[in-house]
Amino acid sequence: MEDKPARLTVLIDADKKKAFEALCASQDITASQVVRQLIREYLAKHGVSYRADGSDAASG
């Protein structure tokens, strides 16, 4: 069975949000796509593996 995506709420100041969204738009990518990529990279950098079903498992 496929899991539903989970929502992550992040608070940032309005000027950073506006600049981030403008940069994303200029690169024809959504802010959500960028955040998902940053999370994948952060997990990989710290050696954390995760399963496609959404559950996390620390590797090592």
Side-chain angles (χ1 to χ4, degrees):
M1 185 167 123
E2 191 174 318
D3 289 336
K4 289 183 180 180
R7 182 175 306 270
L8 174 67
T9 301
V10 179
L11 299 177
I12 61 171
D13 69 69
D15 290 336
K16 284 187 186 101
K17 180 180 182 282
K18 185 176 178 180
F20 180 61
E21 289 176 335
L23 176 58
C24 291
S26 75
Q27 297 176 337
D28 196 28
I29 190 167
T30 67
S32 290
Q33 289 170 314
V34 174
V35 171
R36 285 192 296 269
Q37 181 62 34
L38 290 169
I39 291 170
R40 284 191 298 270
E41 290 171 2
Y42 189 75
L43 290 170
K45 176 182 176 181
H46 293 281
V48 176
S49 63
Y50 56 93
R51 293 183 284 224
D53 67 3
S55 58
D56 294 338
S59 63

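Note that this is a predicted model, so its numbers are computed, not measured. For the single chain, residues carry numbers from 1 onward in sequence order.
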- Query: Would you say Asp28 has more than 12 foreign heavy atoms packed within less than 6.0 Å of its CG?
  - Reply: no
- Note on the structure: Closest heavy-atom pair, Ala31 versus Cys24, reported as atoms and distance to 0.1 Å, is CA-SG, 3.8 Å
- Verify same cluster id: Phe20, Ile29 (apolar side-chain graph, 4.5 Å): yes
- Message: With a 3.5 Å distance limit and no angle check, can you tell me whether Glu41 reaches the backbone of Leu38 through a side-chain donor-acceptor pair?
- Response: no
- Kindly compute the distance separating CZ (Arg7) from OG (Ser32), expressed to the nearest 0.5 Å. 9.0 Å
- Message: Pair Asp13, Lys16 - check salt bridge (Lys or Arg N to Asp or Glu O under 4.0 Å), show working.
- Response: CA-CA 6 Å; Asp13 69 69; Lys16 284 187 186 101; 2.8 Å; yes
- Task: Apply the test side-chain hydrogen bond (donor to acceptor under 3.5 Å, both in side chains) to residues Arg40 and Gln37: give CA-CA distance (whole Å), side-chain angles for both, the deciding distance (0.1 Å), then the verdict.
- Result: CA-CA 5 Å; Arg40 284 191 298 270; Gln37 181 62 34; 2.6 Å; yes
- Between Thr30 and Gln33, which heavy-atom pair has the shortest distance, and what is it? N-OE1, 2.8 Å
- Can you tell if the side chain of Ile39 reaches within under 4.5 Å of the side chain of Tyr50, non-hydrogen atoms only? no
- Task: For residues Tyr42 and Val48, determine if any side-chain heavy atom of one lies less than 4.5 Å from a side-chain heavy atom of the other.
- Result: no
